[in-house]
There are 2 protein chains.
Amino acid sequence: MRELKRQCTIHDIARRAGVSPSTVSRVLNQTSPVRPEKRRSVIEAVEALKYRPSIVAQGLARGRSPAVGVLVQDISSPFYSRILLGIEGRLVGTGLYPIFASGVEKRQTAQALQLLNDNRVGSMIVVGGRMFDADIIRMSARMPVVVVGRAIAGMEERCLRVENIEGGCRATRHLLDLGHRRIAHLTGVHNHPDAIDRREGYARALSERGIDVDPALIVTGDFEEISGLRGVEALVSDGVGFSAIFAGNDQMAYGAQLALHRHGLRVPQDVSLVGFDDLPHSTFTVPALTTIRQPTIAIGAAAVDALIGLLQGQPLCLPVFPTELVVRDSTAPFFG
Amino acid sequence: MRELKRQCTIHDIARRAGVSPSTVSRVLNQTSPVRPEKRRSVIEAVEALKYRPSIVAQGLARGRSPAVGVLVQDISSPFYSRILLGIEGRLVGTGLYPIFASGVEKRQTAQALQLLNDNRVGSMIVVGGRMFDADIIRMSARMPVVVVGRAIAGMEERCLRVENIEGGCRATRHLLDLGHRRIAHLTGVHNHPDAIDRREGYARALSERGIDVDPALIVTGDFEEISGLRGVEALVSDGVGFSAIFAGNDQMAYGAQLALHRHGLRVPQDVSLVGFDDLPHSTFTVPALTTIRQPTIAIGAAAVDALIGLLQGQPLCLPVFPTELVVRDSTAPFFG
DNA sequence: CTGTTAGCGCATTCAA
DNA sequence: TTGAATGCGCTAACAG
């Protein structure tokens with residue numbers, strides 16, 4: 001690897017300001033009072049040379065790193081990337097900064113974790129993912145960890161939660177209010193807590209109205225578009241009658257939308273469709289998607305806030321995020 | 001910030017293996033021969049203690065960092081995040097790792113650049129963005145820099161290029177081949193080289209067939225969905241006749257699709273639509289989008305390869321990426 | 001208040 | 001081949 005042109009160091013500043021390196025460090029970190037005149041000359045030198053301390057050296061000297069490891073399932077996922085945006089935005093100006101490592105599959109996860117460990121990150125945010133809980137629990141013994149977009153048995157209190165049950169209820173109630181009775185549900189990843197909760201909300205809303213859950217109306221998906229598409233195809237080819245669909249997330253709703261279109265079923269005239277997440281793109285589907293909004297950016301920001309609290313020794317405090325129905329054009333009243 | 005439980009260091013390994021720290025370093029970095037028996041006991045100790053060197057300390061000692069600064073306009077953009085995926089994937093196993101910093105707006109850009117500088121990254125990949133060229137040129141004087149998704153005057157040779165003109169041609173020819181003559185074009189960001197090239201391709205294909213470019217058919221967009229939507233609305237409300245649209249990218253095509261739908265224009269029966277990029281989502285639009293594919297993942301990977309070559313002192317070699325027409329369901333023959 | 005000293009964890013001379 | 005010594009850039013403990 002090529003050598004870089006040497007950046008100026010704390011010694012250069014010290015020399016130019018006529019003080020010792022420690023003094024420079026003191027004014028920069030405000031770690032102990034410094035005579036005003038010296039302070040001024042230090043600041044002057046810093047500005048003149050455009051000096052910026054090396055985070056690397058600081059980390060070594062301080063014995064802790066300002067890096068926050070962000071472990072994410074898929075950096076290009078439309079959902080997770082919104083959370084990352086929230087995390088990154090909130091980190092700016094805090095002195096902390098993120099190191100992203102993505103690991104969709106198990107092997108990648110091990111590498112990702114190793115990368116974060118090699119960097120000696122001082123804290124972690126886990127965003128979704130399917131790695132073994134044990135790995136995360138082990139990390140959380142060594143540093144502050146906050147989890148977003150999944151639940152981990154044994155460290156529930158560190159998992160940021162969204163009102164998924166309530167959200168599933170809202171979605172389903174909306175369809176019920178429109179007169180729909182045969183409402184299909186495309187679930188998310190099997191055993192995923194969010195998927196389970198949303199389905200639970202679906203069932204709850206149905207039972208509120210005294211409607212029995214028809215297992216034939218529930219199709220297992222995996223939160224990806226293609227599973228939504230296949231889910232609808234299964235429904236149609238099995239001859240299951242339905243006038244509405246509650247998809248476990250927006251991406252599955254997109255797939256469902258396409259499948260419906262291919263079968264000549266119009267949204268919302270023939271079938272009403274509700275998603276979950278309110279991804280930015282859902283404003284632009286044809287037709288625009290009615291969905292349950294969860295505040296992704298705010299969720300990412302909250303994870304950072306919680307982490308900072310933890311780093312300062314405060315007790316963990318994670319808000320539970322509400323969901324909100326956003327009515328657009330993919331739902332309409334049912335006309336038998 | 002809380003202290004972490006101390007990780008084991010090279011000294012711990014040295015002690016356990018009964019050798020000096022230098023020897024441990026030697027076997028780990030294979031920097032000079034070590035007697036087999038010692039080598040073995042070092043390796044044994046490393047595995048027993050699950051030792052991993054601190055990247056931070058290595059960076060300090062070596063005077064260079066294995067971190068690659070990745071400056072990106074928007075980490076949550078469906079297009080750029082694909083490139084990031086390619087970059088990240090290619091970096092795994094190279095000993096290098098990315099530090100992402102996003103800066104959509106000018107002020108954020110300055111902060112992003114500062115973050116990378118504070119981390120003393122040893123190289124950089126710039127992905128899109130609208131910051132002043134000068135900032136990038138300045139960086140490129142100090143370290144290897146490769147640019148993706150934009151062009152910078154004065155360092156063209158470091159900018160990875162895609163056959164945008166040819167792509168624009170392909171898209172337009174496809175529509176011409178289907179019999180369309182009134183083909184509208186939604187351009188990307190004003191002055192953006194990709195946008196200019198795609199438009200150039202559009203014009204070239206038209207002139208090949210002896211068709212004059214009608215300025216009324218060209219609407220300026222900005223690569224975002226909403227601009228595609230507004231572009232179509234402008235076209236319709238201005239009463240401009242057209243039977244096909246070539247959108248400067250897929251996101252604008254999405255917006256166009258919705259606008260067409262809202263005006264009761266069916267795709268592809270009434271209007272054919274072609275995008276550019278082939279985002280993963282384009283398989284799931286209603287109807288599935290015909291588009292020009294560019295190999296985003298491969299582009300990210302190529303940027304990394306080029307960077308590694310540069311770091312090893314090799315001359316820069318950037319491939320020019322081809323584009324490919326992907327025909328799906330948003331285009332159909334023109335029937336006057 | 002401030003300079004000097006001593007590491008942080010590692011790579012890299014330099015001798016041996 | 002290998003250990004001891006030195007330093008990367010910075011912070012922190014310790015005198016003064």
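Letters A, B, ... mirror the listed sequences (proteins, then strands); counts begin at 1. Remember, it's a predicted structure, so these values are computed and weren't measured experimentally.
- The side chain of B/Ala61 lies closest to C/dG9 when the candidates are C/dG9, D/dT2, C/dT2.
- Using a distance-only test at 3.5 Å, with no hydrogens or angles considered, no donor-acceptor pair links the side chain of B/Asn119 to the main chain of B/Leu116.
- An OP1 or OP2 oxygen of D/dG3 is reached within less than 4.0 angstrom by no side-chain nitrogen or oxygen of B/Ser22.
- Between the side chain of B/Arg26 and the base of D/dG3, at least one donor-acceptor pair of N or O atoms lies under 3.5 Å.
- Under a 3.5 Å cut-off, the side chain of B/Asn29 and the backbone N or O of B/Ser25 do form a donor-acceptor pair.
- Across all strands, B/Ser54 comes closer than 4.0 Å only to sugar-phosphate atoms, never to a base (heavy-atom distances).
- With hydrogens and angles ignored, no donor-acceptor pair under 3.5 angstrom links the side chain of B/Thr31 to the base of C/dT12.
- Side-chain atoms of B/Ile299 and B/Val148, non-hydrogen and from C-beta on, do get closer than 4.5 Å to each other.
- Among the heavy atoms of the strands lying under 4.0 Å from B/Thr9 are primed sugar atoms or P, OP1, OP2 only; no base atom is included.
- Distances from the side chain of B/Leu60 to the nucleotides D/dC8, D/dA4, D/dC10 place D/dC8 closest.
- Straight-line distance from the CD1 atom of A/Ile13 to the C1' atom of D/dT11: 16 Å, rounded to whole Å.
- Not one N or O on the side chain of A/Arg64 forms a donor-acceptor pair closer than 3.5 Å with the backbone of A/Gly122.
- Residue B/Arg62 places at least one side-chain N or O under 4.0 Å from the OP1 or OP2 atom of C/dA11.
- Scanning all heavy atoms of the two residues, the minimum distance from B/Gly149 to B/His192 falls at O-NE2, 3.5 Å.
- For the pair B/Arg150/B/Ile136, a side-chain contact is recorded, criterion being any heavy-atom separation below 4.5 Å from C-beta on.
- The base of D/dA12 is not paired with the side chain of A/Ser25 by any donor and acceptor separated by under 3.5 Å.
- With C/dC10, C/dG3, D/dT2 as the choices, the nucleotide that has an atom nearest any side-chain atom of B/Val34 turns out to be D/dT2.
- Comparing D/dG9, D/dT11, C/dC10 by their nearest atom to the side chain of B/Ala57 picks out C/dC10.
- Using modelled atom types, one side-chain atom of B/Glu88 and one backbone atom of A/Ser102 make a donor-acceptor pair closer than 3.5 Å.
- Looking at residues 37-52 of chain B, you'll see B/Tyr51 sit with a heavy atom under 4.0 Å from some atom of DNA chain C.
- With C/dT12, D/dA12, C/dC10 as the candidates, the nucleotide lying closest to the side chain of A/Arg64 is D/dA12.
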